[in-house]
Amino acid sequence: MFKLFSTFFKIGMFTLGGGYAMIPIIEAEVVDKHKWVTKEEFLDLIAIAQSCPGVFAANISIFIGYRLKKIPGAIITCLGTCLPSFLIILLIAMFFHRFQDNPVVASIFRGIRPAVVALIAVPTFNLAKSAGITLATCWIPIGGALAIWLLGVSPILIIILAALGGYVYGALIKPTE
């Protein structure tokens with residue numbers, strides 16, 4: 001149990017950019033290093049964690065912990081993932097008011113933003129590749145994102161339409177190809 005906690009604490013402690021930026025680190029620890037789950041199981045757990053409400057990083061850690069040690073494992077891995085962020089935010093909240101107007105601090109935060117974008121972009125492209133998204137099919141997620149962003153379409157409607165489209169493709173079109 002300590003190994004689970006320490007692994008997810010380390011992941012939570014040294015990952016900037018949120019849950020999606022954690023994906024490569026979680027994969028390296030859970031799939032490659034410890035071999036707690038296979039690559040295919042990990043991709044399935046990512047899909048489930050994304051579709052559940054709540055924080056992605058907590059969801060994925062809970063699912064992995066539960067898979068390994070049931071409820072105690074889920075609690076331990078979730079604590080390991082969330083505790084570093086909680087402690088860091090607590091420290092920042094206690095001291096940030098002292099130097100929030102400091103130009104050096106403001107410059108540091110402006111410099112971090114592009115790095116966070118890159119930390120989120122890399123796992124997104126890797127997931128797209130693993131999911132079989134190619135140049136011929138990349139219009140589907142791009143179109144969905146644009147519909148949500150520009151037209152204000154509900155993400156729930158996009159998910160339902162994608163599921164129906166996938167069903168129709170799998171049941172009617174693909175078998176005839």
Side-chain angles (χ1 to χ4, degrees), residues 1-100 102 104-133 141 145 155-156 158-159 162-163 166:
M1 289 292 250
F2 179 75
K3 189 68 169 170
L4 280 175
F5 179 81
S6 64
T7 298
F8 280 90
F9 188 86
K10 180 175 69 172
I11 290 167
M13 187 67 147
F14 296 107
T15 306
L16 298 174
Y20 294 102
M22 290 180 162
I23 291 173
I25 297 169
I26 295 172
E27 182 178 3
E29 288 287 326
V30 172
V31 176
D32 301 332
K33 183 177 178 183
H34 297 293
K35 302 198 184 318
W36 287 333
V37 295
T38 65
K39 173 83 169 170
E40 293 75 26
E41 290 170 325
F42 184 70
L43 290 172
D44 291 342
L45 289 173
I46 288 174
I48 294 167
Q50 287 176 325
S51 62
C52 291
V55 179
F56 172 77
N59 288 348
I60 191 78
S61 66
I62 288 168
F63 291 137
I64 291 170
Y66 186 82
R67 178 154 181 331
L68 297 172
K69 299 285 184 181
K70 301 297 178 207
I71 291 177
I75 293 169
I76 290 296
T77 54
C78 185
L79 278 174
T81 301
C82 298
L83 192 58
S85 297
F86 173 76
L87 294 175
I88 291 168
I89 295 296
L90 183 63
L91 286 171
I92 289 172
M94 290 170 54
F95 299 108
F96 188 68
H97 67 281
R98 292 186 186 167
F99 50 87
Q100 68 187 17
N102 185 321
V104 172
V105 172
S107 295
I108 290 170
F109 280 112
R110 277 194 304 276
I112 288 174
R113 286 185 192 131
V116 170
V117 170
L119 287 171
I120 294 171
V122 169
T124 301
F125 289 118
N126 290 338
L127 286 172
K129 187 176 173 183
S130 297
I133 295 175
I156 295 170
I158 298 293
I159 291 169

Might you point out which heavy atoms bring [X] and [Y] nearest each other, and give the distance in Å?
{"X": "Pro84", "Y": "Gly80", "result": "CD-O, 3.1 Å"}
{"X": "Leu79", "Y": "Phe5", "result": "C-CE1, 4.0 Å"}
{"X": "Pro72", "Y": "Met1", "result": "CB-CE, 3.2 Å"}

Hey, could you give me the [atom1]/[atom2] distance between [X] and [Y], rounded to the nearest 0.5 Å?
{"X": "Met94", "Y": "Leu91", "atom1": "CE", "atom2": "CG", "result": "6.0 Å"}
{"X": "Leu90", "Y": "Ser85", "atom1": "CG", "atom2": "OG", "result": "12.0 Å"}
{"X": "Ile159", "Y": "Ser51", "atom1": "CD1", "atom2": "OG", "result": "8.0 Å"}
{"X": "Phe9", "Y": "Ile76", "atom1": "CZ", "atom2": "CD1", "result": "12.5 Å"}
{"X": "Ser61", "Y": "Ile75", "atom1": "OG", "atom2": "CD1", "result": "11.5 Å"}
{"X": "Cys82", "Y": "Leu87", "atom1": "SG", "atom2": "CG", "result": "11.0 Å"}

Would you check if [X] and [Y] make a side-chain contact, meaning some heavy-atom pair closer than 4.5 Å?
{"X": "Ile23", "Y": "Phe42", "value": "yes"}
{"X": "Ile60", "Y": "Leu45", "value": "yes"}
{"X": "Gln50", "Y": "Asn59", "value": "no"}
{"X": "Met22", "Y": "Thr81", "value": "yes"}

Quick check: does any side chain N or O of Lys35 sit under 3.5 Å from a backbone N or O of Asp32, one acting as donor and the other as acceptor?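 Judged by distance alone, yes, a pair lies under 3.5 Å.
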For Ile156, does the CD1 atom have more than 12 heavy-atom neighbours from other residues, nucleotides or ligands under 6.0 Å away?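 Atom CD1 in Ile156 is not crowded, with 12 or fewer foreign heavy atoms closer than 6.0 Å.
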More than 12 heavy atoms of other residues, nucleotides or ligands under 6.0 Å from CD1 of Ile71: is that the case?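 12 or below, so no.
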Parallel, tilted or perpendicular: which fits the ring planes of Trp36 and His34, with parallel below 30° and perpendicular above 60°?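 Parallel.
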So which of Asp44, Ile48, Thr77, Leu68 actually passes side-chain contact (heavy atoms from CB on, under 4.5 Å) with Phe63?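 So the option named by the test is Ile48.
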Under the salt bridge (Lys or Arg N to Asp or Glu O under 4.0 Å) test, which residues partner Lys10, sequence neighbours left out?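 Partners of Lys10 by the salt bridge (Lys or Arg N to Asp or Glu O under 4.0 Å) criterion, ordered by chain and then number, come out as Glu29.
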Which residues share a salt bridge (Lys or Arg N to Asp or Glu O under 4.0 Å) with Lys69, sequence neighbours left out: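 Applying salt bridge (Lys or Arg N to Asp or Glu O under 4.0 Å) to Lys69 gives none.
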Could you go step by step and tell me if Ile88 and Met13 meet the side chain to side chain contact (heavy atoms under 4.5 Å, CB included) rule? CA-CA 9 Å; Ile88 291 168; Met13 187 67 147; 4.1 Å; yes
